[in-house]
Protein chains: 4
Amino acid sequence: MQIAVIGRGDCSAEEYETAMTAGHLIAGNCGTVCCGGLGGVMEAACRGAKEAGGTTVGILPDTGDGNPYLDLVIRTGMGQARNVILVNSADSVIAVGGGYGTLSEIAIALKTGKPVFGLSTWNIEGVFACSRPEEAVNLAVRAARQSQRSRNPPDRGGSV
Amino acid sequence: MQIAVIGRGDCSAEEYETAMTAGHLIAGNCGTVCCGGLGGVMEAACRGAKEAGGTTVGILPDTGDGNPYLDLVIRTGMGQARNVILVNSADSVIAVGGGYGTLSEIAIALKTGKPVFGLSTWNIEGVFACSRPEEAVNLAVRAARQSQRSRNPPDRGGSV
Amino acid sequence: MQIAVIGRGDCSAEEYETAMTAGHLIAGNCGTVCCGGLGGVMEAACRGAKEAGGTTVGILPDTGDGNPYLDLVIRTGMGQARNVILVNSADSVIAVGGGYGTLSEIAIALKTGKPVFGLSTWNIEGVFACSRPEEAVNLAVRAARQSQRSRNPPDRGGSV
Amino acid sequence: MQIAVIGRGDCSAEEYETAMTAGHLIAGNCGTVCCGGLGGVMEAACRGAKEAGGTTVGILPDTGDGNPYLDLVIRTGMGQARNVILVNSADSVIAVGGGYGTLSEIAIALKTGKPVFGLSTWNIEGVFACSRPEEAVNLAVRAARQSQRSRNPPDRGGSV
């Protein structure tokens, strides 16, 4: 189960706290935190996940090393086009605050049918607005499990 | 001068008319129409440009041939990531109506500092709302010329 | 008809001359020269095409303006991944000399079934080695026309 | 330490065996196996890594689920352009046999200065030919550690 946490690289202290809680809870639900690999909300989600013993993946716009809480580093070297890869790779998406980059990720997610759960983010039709990280993570985990089940129905055996 | 016209592949008759007028006017201003290469608003803008003797480029998500009004076909094979290439390639952007794909392009444009002029499109801070295609094209042409000048200042000789 | 000319950004004087002749001949055959948009072989092919009144497209790795002989500039911002877009966009490929970047383009072309004609380039099975630019262009033009016909068979009406 | 194992999706039984041994040894050296996520050599390397308790990442050309031995799935939806992301993400590369797709990855790696160790693969200048998977993995691990050290010199504190 891969859940993307998206938001600004230069977020507020409150957004950092929210994203860290979200990352912690995703890891607690055995989910992998996927993100854009940089600072702010991305770093916070990874930091929270690592504190809970979880796994983190950063899909970077450049070919650097990203934030210090990444287990795996995908160096796209593709700038903002990495936003599309991040969304494609996620089973569901949690948006925390966010600027235009986040908006582009929300739009790609909705375009490609990925569920998006928002915490004080862009008010776009299709985003499910949540009031607390617990709510967003619960819904994102449930949506991710449904998405996985529809890809690997149990009666067909599923993947190994 | 490369001006992107963005909007849905399955647009309304009114949006088609608006995009066709915009394409016609861009060509009349010696601009090249860049688009996502498919139908709807993309096709309309190219059709209008060809009627005015202009040049058109389609930056396709797939590796096909796109709509019948393309002079040049860029076959990215990269799905929605082509939206980023389209915006990167444009000196300014005109959005006509639009769904989530268009929203992603608007967001990338604003993220990367490209001016966006809107005709009945998403109401996002940073988009300059216009009431008629003439207004949008005039502003987009002026913005594109400014963008070119700032890249190739005349006192430095500019490009050949 | 879009024909890619590929080769090093820092080529020899002889390769520059060869690529310029190839570009000139492609334009004389009503083909569009597609290239990676930078210097060396890429610039030479565009320069030759412009001298013959042809059209040129540069598919850049960055978001700059490329060489001075480009009619259209596709700013991918995707580094070496633009090699794949260039090959996807071409009906056939001419390789002049070349380093590892050129080798990657040859490999992608052969992987995706695009014909490759070589002038003093990598000796890879599948590349058709030519001795002069006239030969390479003649064969590349013929291959491009066949590729277009197979996509738009005349009995089906083809595209407009 | 991220080590890419590259090769054909439809490999020989001998190549499968070789790739599986390589994956097993990479995991035994605490390396993460990165691959293109599909069958053949890619699957074998992941299977070997999982048997040794290691971690695997598949960087897919499509948006599917890849082979059954992937811990993390990066769904690029970018076709052969994913080859560039795979090479960018690797600290060093091991090539097992291989067709044109593998050749493109070798070329990109050499273009961008990544060390490549080959097992019965393309004979390209710059590829270090190895006779057994043990040799290739030992050298790839050493090269990856050097690459990491040069990015995070110990006197600067390195990453957290």
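By convention in this document, chain letters (A, B, ...) are assigned in the order of the sequence lines, proteins followed by strands, and residues within each chain are numbered from 1.
- The choice from Thr112(D), Thr32(D), Leu72(D) that makes the most heavy-atom pairs within less than 4.5 Å of chain A is Leu72(D).
- Ser89(A) and Ile74(D) get closest at one heavy-atom pair: OG-CA, 3.4 Å.
- In terms of non-hydrogen atom pairs under 4.5 Å with chain A, the most contact-rich of Asp71(D), Asn67(D), Thr76(D) is Thr76(D).
- For Val73(A), the parts lying under 4.5 angstrom from a heavy atom of chain D are both the backbone and the side chain.
- In this structure, the side chains of Ile85(A) and Ile85(D) come closer than 4.5 Å at one or more pairs of heavy atoms.
- The environment of CD in Glu51(D) is crowded: more than 12 heavy-atom neighbours from other residues, nucleotides or ligands sit within 6.0 Å.
- For the set Val87(D), Asp65(D), Val84(D), Thr55(D), the entry with the most heavy-atom pairs within less than 4.5 Å of chain A is Asp65(D).
- Annotation for Lys50(A): atom NZ counts as buried by contact number, over 12 foreign heavy atoms lying within 6.0 Å.
- Interface remark: Leu86(A) contributes no atoms to any contact with chain D (heavy atom separation under 4.5 Å).
- Around the NZ atom of Lys111(D), the shell of radius 6.0 Å holds no more than 12 heavy atoms that belong to other residues, nucleotides or ligands.
- The environment of Glu135(A) atom CD is dense: over 12 non-hydrogen atoms of other residues, nucleotides or ligands sit within 6.0 angstrom.
- A pairwise comparison of heavy atoms in Asn88(A) and Arg75(D) identifies CB-O, 2.9 Å as the closest pair.
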